[in-house]
Amino acid sequence: QLHLVESGGGLVQPGGSRRLSCAASGGTLDYYDIAWFRQAPGKEREGVSCFSSSEGATYYTDSVKGRFIISRDISKNTVYLQMNSLKLEDTAVYYCVALELSSCAFNEYLSLADFGSWGQGTQVTVSS
């Protein structure tokens with residue numbers, strides 16, 4: 001079974017950048033679509049981005065478009081989330097989720113998250 005471990009979280013100032021990593025073991029990311037979700041205290045879980053292995057396409061929620069970049073390094077079996085121009089409202093625990101192929105399209109990953117394999121999460125705090 002695929003096992004995911006997130007890393008890279010921490011404290012960053014508004015306007016700063018941070019790169020999160022999602023390292024996979026027990027399987028190859030080629031066979032999964034990988035999504036990033038986040039959850040802030042007192043707020044609902046939010047889908048942030050999705051990397052479609054089947055399409056080679058990327059998807060972003062509107063609030064992070066132009067600021068976040070999702071990418072994959074197959075040689076390292078790792079997916080990354082590069083976060084730039086961070087805002088206070090980006091503060092949350094960030095999770096990566098492995099989903100079946102073709103889950104990203106039409107934002108279906110938002111409703112399929114509960115059927116995926118989740119990492120343990122990494123805290124990102126944006127604060128001055």
Assigning hydrophobic clusters by single linkage (Ile, Leu, Val, Met, Phe, Trp, Tyr; side-chain heavy-atom cutoff under 4.5 Å), is Trp118 placed with Leu4?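 Not linked; separate clusters.
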
Is there a side-chain contact (heavy atoms from CB on, under 4.5 Å) between Val124 and Leu20? Walk through the geometry before answering. CA-CA 9 Å; Val124 174; Leu20 305 182; 3.8 Å; yes

Which atom pair, heavy atoms only, marks the closest approach of Leu11 to Ser127?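 Smallest heavy-atom distance, with atoms named: CD1-CB, 4.0 Å.
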
Show the nearest heavy-atom pair for residues Ser53 and Asp30, with the distance to one decimal.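 Heavy-atom minimum between the residues: CB-O, 3.6 Å.
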
ILVMFWY network linking Val48 to Met83, side-chain heavy atoms under 4.5 angstrom: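 Same cluster: Val48 reaches Met83 through Ile, Leu, Val, Met, Phe, Trp or Tyr contacts under 4.5 Å.
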
Nearest 0.5 Å please: distance from the OG atom of Ser103 over to the CD1 atom of Ile34.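 One finds 9.5 Å between OG of Ser103 and CD1 of Ile34.
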
As a quick check of understanding, evaluate side-chain contact (heavy atoms from CB on, under 4.5 Å) for Thr91 and Glu89, giving each step before the final call. CA-CA 5 Å; Thr91 295; Glu89 53 263 40; over 6 Å; no

Test side-chain contact (heavy atoms from CB on, under 4.5 Å) on Tyr95 and Glu6; report intermediate values, then the result. CA-CA 7 Å; Tyr95 301 89; Glu6 301 95 333; 3.8 Å; yes

Would a distance-only check, ignoring hydrogens and angles, find a side-chain to backbone donor-acceptor pair under 3.5 Å from Gln39 to Lys43?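 The answer is yes, because a donor-acceptor pair under 3.5 Å joins these two groups.
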
Could you measure the distance from the OH atom of Tyr59 to the OG atom of Ser52? Nearest 0.5 Å is fine.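 Atom-to-atom, Tyr59:OH and Ser52:OG are 5.5 Å apart.
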
Rounded to the nearest 0.5 Å, what separates atom CG in Leu99 from atom SG in Cys50?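 Leu99 CG to Cys50 SG: 6.0 Å, rounded to 0.5 Å.
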
Determine the minimum heavy-atom distance between Leu29 and Ala24, stating which atoms define it.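 Taking Leu29 first and Ala24 second, the nearest heavy atoms are CD2-CB, 3.6 Å.
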
Enumerate the side chain to side chain donor-acceptor pair (under 3.5 Å) contacts for residues 12-29, please, sequence neighbours excluded, ordered by first and then second residue.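 The answer is Ser17-Asn84.
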
Using the ring of Phe37 (Phe, Tyr or Trp, six-membered ring only), decide whether Arg45 places NZ or CZ under 6.0 Å from its centre and within 45 degrees of its axis.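 Flagged: Arg45 positioned over aromatic ring of Phe37.
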
If you measure from CZ on Arg38 to CD on Glu44, what distance do you get to the nearest 0.5 Å?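 Going from CZ on Arg38 over to CD on Glu44, the span is 13.5 Å.
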
Restricting to non-hydrogen atoms, name the atom on Glu46 and the atom on Ser63 that form the minimum distance, rounded to 0.1 Å.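 Taking Glu46 first and Ser63 second, the nearest heavy atoms are OE2-OG, 3.6 Å.
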
Taking the basic N atoms (NZ, or NE/NH1/NH2) and the acidic carboxylate oxygens, is any pair closer than 4.0 Å for Lys87 and Asp90?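 No, no charged N to carboxylate O under 4.0 Å.
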
What are the two closest heavy atoms between Ala35 and Tyr109, and how far apart are they?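 Closest pair (atom of Ala35, atom of Tyr109, distance): CB-CD1, 3.7 Å.
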
Pairwise distance OG1(Thr58) to CZ(Phe68) - rounded to 0.5 angstrom: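 Atom-to-atom, Thr58:OG1 and Phe68:CZ are 14.0 Å apart.
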
Do the side chains of Val126 and Tyr60 join up, straight or via other hydrophobic residues, at under 4.5 Å, putting them in one cluster?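 Yes, same cluster.
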
So how far is it from Phe51 CZ to Asp33 CG, rounded to the nearest 0.5 Å?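 Phe51 atom CZ to Asp33 atom CG measures 8.5 Å (nearest 0.5 Å).
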
Heavy-atom pair of closest approach, residues Ser128 and Pro14: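 Looks like N-CD, 3.7 Å.
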
Would a single hydrophobic cluster contain both Ile74 and Trp36, if residues Ile, Leu, Val, Met, Phe, Trp and Tyr are joined by side-chain heavy-atom contacts under 4.5 Å?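 Same hydrophobic cluster.
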
Would you say CD of Glu100 has more than 12 non-hydrogen atoms from neighbouring residues, nucleotides or ligands within 6.0 angstrom?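 No, CD of Glu100 has 12 or fewer neighbouring heavy atoms, counting only those of other groups under 6.0 Å.
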
With a 3.5 Å cut-off and no angle check, do the side chains of Thr78 and Arg72 form a donor-acceptor pair?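 Distance-only check fails for Thr78 and Arg72.
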
Hydrophobic cluster membership, with links at side-chain heavy-atom distances under 4.5 Å among I/L/V/M/F/W/Y: are Leu86 and Ile70 in one?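 Yes; Ile70 is reachable from Leu86 via cluster members.
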
